[in-house]
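For reference, the structure discussed in these notes is given below.
Indexing begins at 1, ligand by ligand and atom by atom, following the structure's order. Predicted model only: the values in this text are computed from it and were never measured.
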Amino acid sequence: MKTKIIVTGGCGYIGSHTVIELIENHFDVVIIDDLSNSTEKTLQRIQKITGVLPTFVNLDLKDENATHTIFETHKDALGVIHFAAHKAVGESVQKPLRYYKNNLYSLLNTLEAQSEHGITNFIFSSSATVYGTPDVLPITEKNETQRPFSPYGNTKKIAEEILDDYSKSNKEFSAISLRYFNPIGAHESGEIGELPNGIPNNLMPYITQTAAGIREKLLVFGNDYPTKDGTPIRDYIHVVDLAKAHVFALNRLLHKEQEKSLEFFNLGTGVGYSVLDVINSFEEVTNSKLNYEITGRREGDVAQLYAATDLAKEKLGWTAKKELNEMIISSWTWEQKYRNETN
Ligand code: UFG
């Protein structure tokens, strides 16, 4: 019998890549998604890649009663991977209540429903944003968390605090919070990838949409940071590497290897690239010229953020394998394939 896992937000960018890794590792996946920032077509695309159509439930996790009913139906699941959340930093500054309500209600309802039905393992989709503006780099999991700049980021920090309190109160409950750095790239098949709603906030989709002619030009937000070329440095990680880390984390929970009821892991490569590094690499691998212009800083951006990766390596047995060029090529392949299919 396959082990059943519930994946909330499984039609989204990181969720869908993780569902593929779970299926390829012989898990039985139930996706819960309200399709607010994703499409049901992803299910067929997952089937095309893996040969398996995952079970799908269209559900808004803010609906407490419906969430309980679905967890009752799937109470034979052994774990939950919780991706479902709103994630646009800028929008969260404009609409903080929408973000606190969505991201925290859905978390609380999921935790209550799973606990009521005896599902004790939980993986949370967190973010490096919980480190705020760090003084020491690379950032280890021992770094104090700080209040993030955005309401979106703060929902991640508050969620980790909720998990901390809850894991102390319920000895049966085991959780791992995965702090993502900057996921980019797409599945090598070109079938699934990042599909931002409207104008992208993040660098890589903005680059690929500019190259595809959907955006006129990329604005580079500031070149006066204290970095080698003045543009901010980030730890870009291939989404497939990131997805695989969830399977390692899940196995740690299922095999009861965790040392504390709530553990935190950074998911990054440990290597930092500047915005101009990414642009230059894009131009090089695609042999094209990108239309970009340097402009002023974006509020809330920190100069440098990259991960210490030792803990994930030691405890999960996982490291990121894919290089920046592979991330860029797969992002670009996905953008072109998707645009060709939809035009
Ligand atoms: N950037 C540009 N132009 C753009 C978009 C981004 O110059 O059009 C720059 C940003 O200023 C930043 C870098 O590219 O220096 C990366 O920006 P992203 O928006 O791609 O990523 P962030 O590091 O700002 O944000 C990511 C995640 C968030 C998370 C945050 C944690 O997207 O979910 O990391 O630090 F909160």
Do any nitrogen or oxygen atoms of Leu219 lie less than 3.5 angstrom from nitrogen or oxygen atoms of ligand 1? yes
Please identify which of these residues, His17, Lys321, Met327, meets the side chain to side chain contact (heavy atoms under 4.5 Å, CB included) condition with Asp241. Lys321
Of all protein heavy atoms, the one nearest atom 23 (O) of ligand 1 is Arg234 NE, 2.7 Å
If hydrogens are left out, which of Arg297, Gln304, Arg298, Glu299 has an atom nearest to atom 17 (O) of ligand 1, that is, the closest non-hydrogen atom? Arg298
Of all the non-hydrogen atoms in the protein, which one sits nearest to atom 27 (C) of ligand 1, and at what distance? Asn202 ND2, 4.1 Å
Quick test: of every protein heavy atom, which one is nearest to atom 4 (C) of ligand 1, and how far off is it to 0.1 Å? Phe221 CE1, 3.3 Å
For the residue pair Gln258 / Arg252, report whether a side-chain donor-acceptor contact shorter than 3.5 Å exists. no
Heavy-atom pairs closer than 4.0 Å: do any link ligand 1 to the side chain of Asp301, the backbone, both, or neither? side chain
Within a distance under 4.0 Å of any heavy atom of Asn201, pick out the atoms of ligand 1 and give their elements. 5 (C), 19 (O)
Less than 4.0 Å is my threshold; does some heavy atom of Tyr292 fall inside it relative to ligand 1? no
Test item, Gly153 contacting ligand 1 (heavy atom, 4.0 angstrom): no
Hey, does Met204 come in under 3.5 Å of ligand 1, counting only N/O atoms on both sides? no
Considering only the protein, which heavy-atom contact is closest to atom 35 (O) of ligand 1, and what is its distance? Leu305 CD2, 3.3 Å
Checking a contact table here: which protein heavy atom is nearest atom 16 (C) of ligand 1, and how many Å away? Tyr236 OH, 3.5 Å
Under 4.0 Å between heavy atoms, the region of Phe149 that gets near ligand 1 turns out to be neither
